[in-house]
Amino acid sequence: MKAMILAAGYGTRLRPLTYSMPKPMVEICNRPLIGYAVEGFIRAGVGEIIVNLHHLPESIERFLQDAYGSQCRFHISFEPEILGTGGGVRKVRPLLESDEAFYLVNGDTIQFPQYEKLVAARQEKDALAALTLRHPPENDRFTAVYFADGRINGFGKGSGEALMFSGSHLIGSRIFQYLPEKEFSGIVTEVYEPLIESGRETVAGIVDDGPWFDIGTPQRLISAAGSVLDMTMAGDIPIVPGSRLTGDCVIDETATVLGKVSRSSVGAGSVVKGEVRNSIIGRDCRITGNVVLESCVVGPGVEIRTPMEVRSAIICEEDPGVFREPGYRYERGLVIADF
């Protein structure tokens with residue numbers, strides 16, 4: 001079976017980090033976000049993966065081939081203009097339509113879909129697709145997906161239990177009969193919803209309240225990093241090759257830690273002499289003594305050589321050729337975005 005990862009977004013809510021780094025390459029426990037999806041598919045026996053890309057695609061394509069090229073085959077679908085879920089799938093129709101079904105997953109989440117249950121649910125109902133649903137967190141904003149008797153009967157309105165869509169589907173290839181003949185489209189709003197309302201097709205679902213992390217904001221990124229770290233320490237997630245578990249931290253084998261680091265990850269080639277807590281330190285960073293960072297995301301190549309205390313912020317190198325965005329702090333060659 002084949003699979004597709006949707007990875008063409010800009011990651012605007014993680015700026016300034018994503019000005020120079022595509023969101024799928026943002027690391028949690030030293031593993032890029034897209035790596036979690038790829039490794040899940042490989043474990044499920046998927047041999048070919050299509051990835052749609054738009055923003056800064058070269059680094060993603062290079063990473064996929066270097067890290068996983070010996071384990072599966074990749075097809076890159078570059079979108080000069082973002083096409084949406086439906087348009088993205090329609091663009092790669094020749095790669096997908098010959099199989100009975102294919103997996104589709106959002107590349108900006110960390111999740112562990114029960115792929116075999118999606119297969120069973122779709123087959124049992126002869127459904128166009130099977131979606132993974134979950135009970136939403138309290139006080140979270142989401143579009144309610146109404147679910148009863150193994151079927152989804154509405155998005156935003158319907159009957160049964162109100163759940164949320166986690167972003168992973170198994171889709172039958174007959175989807176191509178229904179995708180709009182236009183560049184941009186959405187699968188949920190322009191395919192699933194009208195087909196359910198008309199009764200022409202069934203959309204099945206499974207409920208899975210297992211670990212799931214939306215990496216939409218800096219706060220959620222930091223929260224997800226802490227949870228994934230706990231899962232790594234418990235042995236539920238393998239340590240990324242080239243890193244080691246040291247105490248309650250994931251440290252790249254080429255990094256040097258001389259300061260006090262707790263509940264954090266430190267990327268390749270970085271040197272940390274300061275105090276770092278509950279943070280993500282990117283690759284090739286230099287953090288000297290008398291620096292205290294807490295709940296921070298530090299972009300690649302950042303150097304902090306003077307005393308500084310920063311909490312709950314994204315820290316990146318300042319590009320002198322780029323317009324200074326309002327709302328950020330600019331200090332000592334750094335861009336600091338508080339959250």
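This is a predicted model, so every value here is computed, not measured.
- Inter-residue side-chain proximity for K2 and M4 is flagged as unmet; no heavy-atom pair is nearer than 4.5 Å.
- Inspection of the E27 and S265 side chains reveals no N or O donor paired with an N or O acceptor under 3.5 Å.
- In terms of modelled atom types and a separation under 3.5 Å, the side chain of S77 and the main chain of N52 share no donor-acceptor contact.
- You'll find the side chain of I175 reaches within 4.5 Å of the side chain of L128, heavy atoms only.
- No hydrogens or angles considered: a donor-acceptor pair under 3.5 Å links the side chains of T306 and R332.
- Counting heavy atoms of neighbouring residues, nucleotides and ligands inside a 6.0 Å radius, atom CZ of R90 exceeds 12 of them.
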Given S173 and D99, is the side chain to side chain donor-acceptor pair (under 3.5 Å) satisfied, shown in steps? CA-CA 7 Å; S173 59; D99 293 351; over 6 Å; no
Test log, rule side chain to side chain contact (heavy atoms under 4.5 Å, CB included), inputs L163 and H135: CA-CA 5 Å; L163 303 172; H135 292 90; 3.5 Å; yes
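- Panel note: side chain R13, backbone G216; a donor-acceptor pair is recorded below 3.5 Å.
- Within 6.0 Å of CD in Q219 there are more than 12 heavy atoms belonging to other residues, nucleotides or ligands.
- Between F142 and F165 there is no side-chain heavy-atom pair separated by less than 4.5 Å.
- K23 places a side-chain N or O within 3.5 Å of a backbone atom of I215 that can act as its donor or acceptor partner.
- Open room surrounds NZ on K273; 12 or fewer heavy atoms of other groups in view lie less than 6.0 Å from it.
- Atom NE2 of H54 is separated from atom CD1 of I82 by 4.5 Å, given to the nearest 0.5 angstrom.
- Going from atom OH of Y103 over to atom CG of L118 covers 7.0 Å, rounded to the nearest 0.5 Å.
- Clustering ILVMFWY residues whenever any of their side-chain heavy atoms sit less than 4.5 angstrom apart, transitively, puts I34 in the very cluster that holds Y68.
- For the pair V203 and H169, the minimum side-chain heavy-atom distance is 4.5 Å or more.
- A salt bridge links R31 and E39; the closest N-O separation between the charged side-chain nitrogens and carboxylate oxygens is under 4.0 Å.
- In this structure, CG on L53 lies 8.5 Å from CD on E79, to the nearest 0.5 angstrom.
- Hydrophobic clustering of Ile, Leu, Val, Met, Phe, Trp and Tyr side chains at less than 4.5 Å, counting indirect connections, keeps I315 apart from M25.
- In this structure, the side chain of T85 engages the main chain of I187 through a donor-acceptor pair within 3.5 Å.
- The two atoms that bring L33 and G107 nearest to each other are CB-O, 4.2 Å, heavy atoms only.
- I251 and M233 fall into different hydrophobic clusters, where Ile, Leu, Val, Met, Phe, Trp and Tyr are joined by side-chain heavy atoms under 4.5 Å apart, directly or via other members.
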Passes salt bridge (charged side-chain N to carboxylate O under 4.0 Å, His left out), R174 versus E201? Steps please. CA-CA 10 Å; R174 65 181 186 265; E201 290 277 6; 2.9 Å; yes
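- A donor-acceptor pair under 3.5 Å is formed between the side chain of R263 and the backbone N or O of G226.
- Grouping the Ile, Leu, Val, Met, Phe, Trp and Tyr side chains by contacts below 4.5 angstrom, directly or via other members, places V302 apart from V26.
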Walk me through whether I171 and V89 qualify under side chain to side chain contact (heavy atoms under 4.5 Å, CB included). CA-CA 11 Å; I171 304 175; V89 168; 5.5 Å; no
V297 and L14: side chain to side chain contact (heavy atoms under 4.5 Å, CB included), yes or no, with the steps? CA-CA 10 Å; V297 181; L14 292 183; over 6 Å; no
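- The heavy-atom pair separating A204 from A121 by the smallest distance is CB-O, 3.8 Å.
- Remark: the backbone N or O of P113 is not paired with any side-chain donor or acceptor of S168 at under 3.5 angstrom.
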Can you list the steps and then say if R15 with Y328 is a side chain to side chain contact (heavy atoms under 4.5 Å, CB included)? CA-CA 10 Å; R15 289 174 176 170; Y328 298 158; 3.5 Å; yes
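- M308 places a side-chain heavy atom less than 4.5 Å from the side chain of L334.
- Between the OH atom of Y192 and the CD1 atom of I152 there is a distance of 8.0 Å, given to the nearest 0.5 Å.
- With hydrogens and angles disregarded, a donor-acceptor distance shorter than 3.5 Å links the side chain of S264 to the backbone of S262.
- In summary, R277 and D248 do not engage in a salt bridge, as defined by a charged side-chain N under 4.0 Å from a carboxylate O.
- Side chain of S270 to backbone of A255: no donor-acceptor contact under 3.5 angstrom is found.
- Between the CD1 atom of I336 and the OG atom of S312 there is a distance of 12.5 Å, given to the nearest 0.5 Å.
- Clustering ILVMFWY residues whenever any of their side-chain heavy atoms sit less than 4.5 angstrom apart, transitively, puts F78 in a cluster other than the one holding V92.
- Side-chain contact check for Y115 versus V46: every heavy-atom pair is 4.5 Å or farther apart.
- Here the closest non-hydrogen pair linking G156 and T143 is N-CG2, 3.9 Å.
- Around atom CD of E81, no more than 12 heavy atoms belonging to other residues, nucleotides or ligands sit under 6.0 Å away.
- A 4.5 Å side-chain heavy-atom check between Y10 and T18 finds every atom pair outside the cut-off.
- A donor-acceptor distance shorter than 3.5 angstrom exists from the side chain of R134 to the backbone of D208, with no hydrogens or angles considered.
- Taking the six-membered ring wherever Trp is involved, the centroid distance between the rings of Y36 and F112 does not fall below 6.0 Å.
- Under a 3.5 Å cut-off, the side chain of S243 and the backbone N or O of V250 do not form any donor-acceptor pair.
- The minimum heavy-atom distance linking L56 with S20 is given by the pair CD1-C, 3.5 Å.
- To the nearest 0.5 angstrom, D108 atom CG is 14.5 Å from F213 atom CZ.
- When all heavy atoms are compared, the tightest approach of V298 to C285 is CG1-SG, 3.8 Å.
- Between E253 and R244, no side-chain nitrogen of the basic residue sits less than 4.0 Å from a carboxylate oxygen of the acidic one, so the salt-bridge criterion is not met.
- The two residues V335 and P16 come nearest to each other via the heavy atoms CG1-CG, 3.9 Å.
- For K91, the NZ atom counts as densely surrounded, since its 6.0 Å shell holds more than 12 non-hydrogen atoms of other residues, nucleotides or ligands.
- Within the 4.5 Å cutoff, side-chain heavy atoms of L293 are placed close to those of I281.
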